[in-house]
Amino acid sequence: MKNKIQAYRKTKGLSQEELAQKCKVSRQTINAIENDKYDPSLQLAFTLSHVLGLSIEELFIFKYEGDGSK
């Protein structure tokens, strides 16, 4: 799942470490999420959106990859 965390984090003037502390996770977790190497849990996704003051839809880009049937 793609996200805009890095852009919004920088807009808010937060380092990865500062965002990690506010979300009670490691800096490495924030780095992995920003680099699309890790999808956050639902709880962490909501925490990130709350801390950054954004909706889930603003922060994450979801593309449905279903089986193609309608």
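We number each residue from 1, following the sequence as shown. What's counted below: heavy atoms across the whole structure, side chains too, no hydrogens, waters or symmetry copies. Model, not experiment: these values are computed from the prediction.
Expressed to the nearest 0.5 Å, how far CD of Q43 lies from NZ of K24 amounts to 11.0 Å. In this structure, the separation between NZ on K4 and CD on E58 is 8.0 Å, given to the nearest 0.5 Å. Interatomic distance, SG of C23 versus CZ of F46, reported as 13.5 Å (0.5 Å rounding). Annotation: the span from L48 atom CG to I30 atom CD1 amounts to 5.0 Å, rounded to 0.5 Å. The distance from atom CD1 of I33 to atom CD of Q28, rounded to the nearest 0.5 Å, is 12.0 Å. Distance check, rounded to the nearest 0.5 Å: OG of S15 to CD of Q21 gives 7.5 Å.
Listed here is the closest heavy atom pair of R9 and L19: CD-CD2, 3.8 Å. The nearest pair of heavy atoms linking A20 to R27 is CB-N, 3.6 Å. Of all non-hydrogen atoms in D39 and M1, the two that sit nearest each other are OD1-N, 3.2 Å. For the pair L14 and E18, the tightest heavy-atom approach, listed with the atom from each and the gap, is CA-OE1, 3.3 Å. When all heavy atoms of F60 and N3 are compared, the pair lying nearest together is CD2-CB, 3.7 Å.
Formation of a donor-acceptor pair under 3.5 Å by the N35 side chain with backbone atoms of N31 is found in this model.
By the criterion of side-chain heavy atoms lying less than 4.5 angstrom apart, applied directly or through intervening Ile, Leu, Val, Met, Phe, Trp or Tyr residues, L52 is not grouped with F62; the two fall into different hydrophobic clusters.
Grouped by direct or indirect side-chain proximity (heavy atoms under 4.5 Å, Ile/Leu/Val/Met/Phe/Trp/Tyr only), I61 sits alone.
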